[in-house]
Amino acid sequence: MSWLLNLYETYEANLEFVGKIERKSNDQEYMLLPVSHTTQNAHIEVDVTEDGEFHFATVVEKNDASTVIPCTEDSASRSGTKIAPYPLHDKLSYVAGDYKDYGGEFKKEEPFPHYIKQLEEWANSPYAVEKVKSIYRYLRKGRLIQDLVAHGILYVDENQRLLSKWDKNAEARYGAKPPIFSVVAGEQTSAFVRFNVYSPTKVLSKVWNDQQVYDSFIQFYSSKLGGEDFCYVTGKKLPATDKHANKIRNAADKAKLISANDNSGFTFRGRFAQSHEAASISYEVSQKAHNALKWLINRQGKFIDQRVFLIWSNRELDIPDITEDLFSIDSTSSDSIKDKIAYTNKELAVEVAKALEGYRNKLAGLPDRKENVNILVLDSATTGRMAVLYYRNMDKEQYLDKLVNWHSTCTWLHKYRKNDNGDFVQFIGAPDWKDIAFAAYGPRASKEVVKGVKERMLPCVLDGRNIPLDIITSSCRRAANPVSMEKWEWEKTLSIACALVNKQEEQEGLRVALDESINDRDYLFGRLLAVADVLERRALGADDRASNAVRYMNEFARHPERTWRTIQACLQPYQARLGRQAFYFNRLIDEIGSRIPIEQFNNKPLSGKFLLGFYSQRHDLYTKKSTTDTEETEATH
């Protein structure tokens with residue numbers, strides 16, 4: 001229950017956001033929903049006057065369809081033939097008293113009497129506001145469809161029955177296809193209607209965005225709740241519920257995290273007679289916890305297919321995401337360390353800690369309370385059931401320390417990210433987990449594979465476990481096969497593979513800067529390949545074709561001694577073309593080769609460490625100042 005408790009506390013700590021509309025980067029609206037409210041996509045908007053008369057109606061555009069509506073326990077979880085009206089806005093079959101007169105059919109009894117009775121009870125209660133009373137006065141007349149047909153919103157056939165679909169007969173009668181058939185997926189009868197109140201003398205807020213209407217229904221519905229029970233989350237005796245919210249990931253999401261509606265067969269697996277005996281949760285806690293979860297997912301959740309990765313702190317919501325690279329967490333801080341390739345892991349950890357210092361200081365004014373970080377992973381196997389696949393609550397300082405360790409050990413120099421100006425920038429740190437998945441299994445890796453990789457990486461960061469060997473091996477195998485991908489993709493895969501190998505070899509403290517003291521066979525073979533690559537590239541000049549070193553890289557990783565003889569033979573014409581300028585590279589090849597013991601100069605396959613040697617040696621050669629003077633000086637002696 002700890003995840004429910006932390007979601008409940010998150011709601012309580014962010015009450016100033018309740019009922020306030022926020023927008024995503026794509027301009028989509030979302031909010032921290034009030035208690036006893038949910039969201040629904042509306043198709044028709046009806047304006048009524050303050051006196052309860054029809055004023056105007058329009059078809060709602062899809063980008064404006066999301067509507068906050070009051071709901072009861074029963075209406076929030078209704079399905080099938082169950083009659084459970086929403087208190088105010090609802091489908092046409094519920095809100096139209098003349099639905100049957102226009103050909104509407106019912107699977108059981110007519111829903112309108114249940115709807116209007118519930119709305120009447122609210123409108124006549126001491127908690128009702130004038131807007132609710134105005135809407136009730138209009139709807140009790142039972143002529144909604146008549147008005148919508150008269151104003152060209154809904155369309156009927158020659159028998160005055162609502163059209164089930166738009167066909168050639170309808171087109172011959174009415175002309176162009178009307179908007180209602182573009183926004184409603186099924187028949188007109190499935191349209192969802194929202195209501196608003198119009199005043200000719202004053203500007204009124206939309207009913208579904210009105211805080212007074214929210215509060216009115218919350219007070220009304222709270223007065224009707226009963227059946228107190230022991231709440232497993234708060235430890236208090238409160239009105240309980242066994243009907244919990246859906247629409248957690250989006251407005252069309254039917255999956256629930258908590259559900260107990262199995263009344264036959266292996267009910268509760270035979271352990272309990274009633275669902276509340278298994279787990280009793282209060283209505284208030286359920287509402288606030290689920291609403292906080294929906295809000296957080298909209299605000300900062302990361303999606304892979306339908307799997308949600310969510311990280312937050314109860315009071316300080318903006319927590320660095322453990323799944324992202326350092327550039328995404330803080331691009332300004334990343335820029336400050338992007339060129340410090342000579343850092344050891346210890347020195348880099350200090351710099352990463354500085355980059356995350358702002359997050360540590362946000363709660364400096366609240367020393368009396370410890371702040372924790374929540375890591376939550378959700379997914380659903382079916383349309384009706386959702387599961388918590390992973391949950392972890394840990395101290396904020398401990399979480400940030402884990403993050404610092406990750407970005408200072410699984411680290412390499414990366415050059416594939418772009419800044420706000422669209423220019424490529426380089427940064428040092430751990431790669432994004434999604435990029436790790438693509439590096440290991442290719443850009444066409446299925447969503448299932450990417451989800452699996454991200455889930456398997458969690459204990460690697462939070463518990464210090466080793467990165468799964470298959471991820472490292474696959475990344476190295478792809479990085480050693482550059483001819484199978486475009487140059488930019490190979491460079492990205494190479495740097496990510498180096499980061500993973502660097503984490504694997506953490507005890508050795510390897511870094512991007514070339515370490516000439518390393519005598520490891522695989523590292524030295526990688527250096528040899530890099531020198532051959534740069535030598536040929538210098539000779540090719542503007543010719544952008546791949547060097548022989550790059551083309552033979554995959555074979556070199558499997559049979560280094562045999563392939564090196566082929567590469568060195570291919571180098572001869574390029575050495576001749578460079579002339580005296582090749583002296584520096586020739587000497588470097590001799591120096592590196594002489595450090596590999598004869599018994600190790602064989603065809604034993606290379607480990608991923610050869611990629612580190614290749615990358616570091618190549619980076620060193622590309623970033624060195626001109627060696628022309630040195631080469632000429634050496635050549636004359």
Side-chain angles (χ1 to χ4, degrees), residues 325-327 338-339 341 407 409-418 424-445 453 467 469-505 508 510-515 518 520 522-537 544-558 560 563 567 605-623:
D325 54 40
L326 193 60
F327 182 86
K338 67 181 182 181
D339 293 321
I341 62 170
H407 283 288
T409 54
C410 184
T411 182
W412 207 252
L413 179 65
H414 307 284
K415 304 176 183 179
Y416 53 83
R417 297 302 303 269
K418 291 183 178 180
F424 282 101
V425 294
Q426 61 182 25
F427 70 97
I428 287 188
D432 185 293
W433 292 4
K434 186 185 294 186
D435 290 328
I436 290 176
F438 290 145
Y441 302 107
R444 296 183 180 179
V453 169
I467 298 174
L469 192 58
D470 64 292
I471 295 177
I472 299 176
T473 303
S474 296
S475 300
C476 292
R477 186 179 295 117
R478 293 191 72 247
N481 191 21
V483 295
S484 66
M485 60 192 92
E486 295 184 32
K487 188 175 186 301
W488 68 268
E489 185 186 345
W490 172 61
E491 292 287 355
K492 179 178 180 178
T493 303
L494 176 61
S495 67
I496 292 173
C498 287
L500 299 179
V501 174
N502 194 21
K503 177 65 176 176
Q504 188 182 37
E505 306 290 340
E508 297 190 23
L510 299 172
R511 54 193 184 190
V512 180
L514 179 64
D515 190 343
I518 296 178
D520 181 89
D522 298 347
Y523 190 86
L524 292 174
F525 265 120
R527 289 184 61 189
L528 277 178
L529 192 66
V531 176
D533 176 51
V534 176
L535 186 155
E536 189 171 339
R537 284 253 52 89
D544 198 35
R545 71 174 184 266
S547 68
N548 285 293
V550 168
R551 291 195 298 112
Y552 285 111
M553 192 173 187
N554 188 33
E555 186 66 17
F556 182 80
R558 293 184 295 166
T563 311
I567 294 173
L606 301 175
S607 69
K609 198 181 293 186
F610 99 93
L611 295 172
L612 305 187
F614 175 84
Y615 193 108
S616 295
Q617 180 65 74
R618 191 183 60 159
H619 184 273
D620 181 73
L621 291 172
Y622 280 143
T623 54

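These values consider heavy atoms only, across backbone and side chains, with no hydrogens, waters or symmetry-generated copies.
- No more than 12 heavy atoms of other residues, nucleotides or ligands lie within 6.0 Å of OH in Tyr552, so this atom counts as exposed by the packing criterion.
- Applying the side-chain hydrogen bond (donor to acceptor under 3.5 Å, both in side chains) test to Thr563 and every residue at least two apart in sequence or in another chain returns nothing.
- Closest approach of Ala499 and Cys410 over heavy atoms only: O-SG, 3.6 Å.
- For the pair Ile518/Lys609, no side-chain contact is recorded, criterion being any heavy-atom separation below 4.5 Å from C-beta on.
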Identify all side-chain donor-acceptor contacts of residues 430-445 below 3.5 Å with residues at least two apart in sequence or on another chain.
unit_1 : atom_1 : unit_2 : atom_2 : d
Asp432 : OD1    : Lys434 : N      : 2.7
Asp435 : OD1    : Lys492 : NZ     : 3.0
Tyr441 : OH     : Asp470 : OD2    : 2.6

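- For the pair Ile472 and Val501, the minimum side-chain heavy-atom distance is below 4.5 Å.
- Panel note: side chain Asp522, backbone Leu606; no donor-acceptor pair is recorded below 3.5 Å.
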Show your working on side chain to side chain contact (heavy atoms under 4.5 Å, CB included) between Val453 and Ile471 and close with a plain yes or no.
-> CA-CA 8 Å; Val453 169; Ile471 295 177; 4.1 Å; yes
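- Nearest approach of Leu500 to Ser475, heavy atoms of both residues: CD1-OG, 3.5 Å.
- Looking at residues two or more places apart in sequence or on another chain, you find no side-chain hydrogen bond (donor to acceptor under 3.5 Å, both in side chains) involving Lys415.
- Classification of the Phe556-Phe525 ring pair by plane angle, with boundaries at 30° and 60°, yields perpendicular.
- Contact between Val550 and Trp490 at its shortest, heavy atoms only, is CG2-CH2, 4.4 Å.
- Under the side-chain contact (heavy atoms from CB on, under 4.5 Å) criterion, Asp620 pairs with Leu514, Gln617, Lys624, sequence neighbours left out.
- For Arg551, the side-chain hydrogen bond (donor to acceptor under 3.5 Å, both in side chains) criterion is met by Asn548, not counting sequence neighbours.
- Contact between Ser616 and Val512 at its shortest, heavy atoms only, is OG-O, 2.8 Å.
- Pairing each heavy atom of Leu621 with each of Ala530, the nearest pair is CD1-O, 4.4 Å.
- Remark: Arg537 engages no residue in a salt bridge (charged side-chain N to carboxylate O under 4.0 Å, His left out) (not counting sequence neighbours).
- Every residue meeting the side-chain contact (heavy atoms from CB on, under 4.5 Å) condition with Phe424, not counting sequence neighbours, appears here in chain and number order: Lys418.
- Asp515 and Tyr523 make their closest contact through N-OH, 3.4 Å (heavy atoms, listed as atom of the first residue, atom of the second, distance).
- Evaluation of the side-chain contact (heavy atoms from CB on, under 4.5 Å) rule for Thr473 yields Leu469, Arg477 as partners, not counting sequence neighbours.
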Under the side chain to side chain contact (heavy atoms under 4.5 Å, CB included) rule, what do Asp520 and Glu505 come out as? Steps first, then yes or no, please.
-> CA-CA 12 Å; Asp520 181 89; Glu505 306 290 340; over 6 Å; no
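- Residues satisfying the ring-ring contact (aromatic ring centres under 6.0 Å, His included) test with Phe610, not counting sequence neighbours, are none.
- Rounded to the nearest 0.5 angstrom, Leu611 CG and Leu529 CG are separated by 9.5 Å.
- With sequence neighbours excluded, the residues forming a side-chain hydrogen bond (donor to acceptor under 3.5 Å, both in side chains) with Ser495 are His414, listed by chain and number.
- A side-chain contact (heavy atoms from CB on, under 4.5 Å) with Ser547 is found for one member of Leu535, Ile567, Val534, Asp533 and no other, namely Asp533.
- The line from CD1 of Ile496 to SG of Cys476 is 12.0 Å long, rounded to the nearest 0.5 Å.
- Taking the salt bridge (charged side-chain N to carboxylate O under 4.0 Å, His left out) definition, one finds that Glu489 meets it with Arg478, sequence neighbours left out.
- The CG atom of Asn502 lies 12.0 Å from the OH atom of Tyr615; values are rounded to the nearest 0.5 Å.
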